[in-house]
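The structure appears right after this line, and notes come after that.
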Amino acid sequence: MCLTAPVRVVSIDEGMATVEVAGVRRLATTIALPEIRPGDWALMTSGTLVRILDPALAAELEAAFRTATGETS
């Protein structure tokens with residue numbers, strides 16, 4: 001199953017971003033979003049950042065993601 005989730009970009013190094021989702025850090029490729037920068041929010045699917053998000057929208061999506069996954073913190 002493939003899940004699209006809102007993530008915050010922590011750092012970028014040679015086309016790979018370290019992102020944080022639900023308190024966990026993961027790697028994602030920036031190939032589809034070469035303009036992304038640390039601190040940006042984005043949608044990630046299958047390890048690929050696919051869309052830069054407005055911070056307010058990211059907060060709404062993150063809350064919905066937490067509700068859907070049963071995360072309480």
Criterion side chain to side chain contact (heavy atoms under 4.5 Å, CB included) on T29 and L49, from CA distance to verdict: CA-CA 6 Å; T29 180; L49 299 177; over 6 Å; no
4.5 Å side-chain heavy-atom contact, L27 and T18: yes
Could you tell me which non-hydrogen atom of [X] sits nearest to which non-hydrogen atom of [Y], and how far apart they are?
| X | Y | value |
| --- | --- | --- |
| A58 | P6 | O-CB, 4.2 Å |
| S11 | P38 | CA-CG, 4.2 Å |
| A28 | M44 | CB-SD, 3.7 Å |

Partners meeting side chain to side chain contact (heavy atoms under 4.5 Å, CB included) with E14 (sequence neighbours left out): none
Working for side chain to side chain contact (heavy atoms under 4.5 Å, CB included), residues I52 and E35: CA-CA 9 Å; I52 296 174; E35 70 276 16; 3.9 Å; yes
Distance (rounded to the nearest 0.5 Å) between E60 CD and D54 CG: 9.0 Å
Side-chain cluster (under 4.5 Å, hydrophobic types only) that L61 belongs to, other residues: W41, L43, V50, L53, L57
Transitive ILVMFWY side-chain link M16 to L33, under 4.5 Å: no
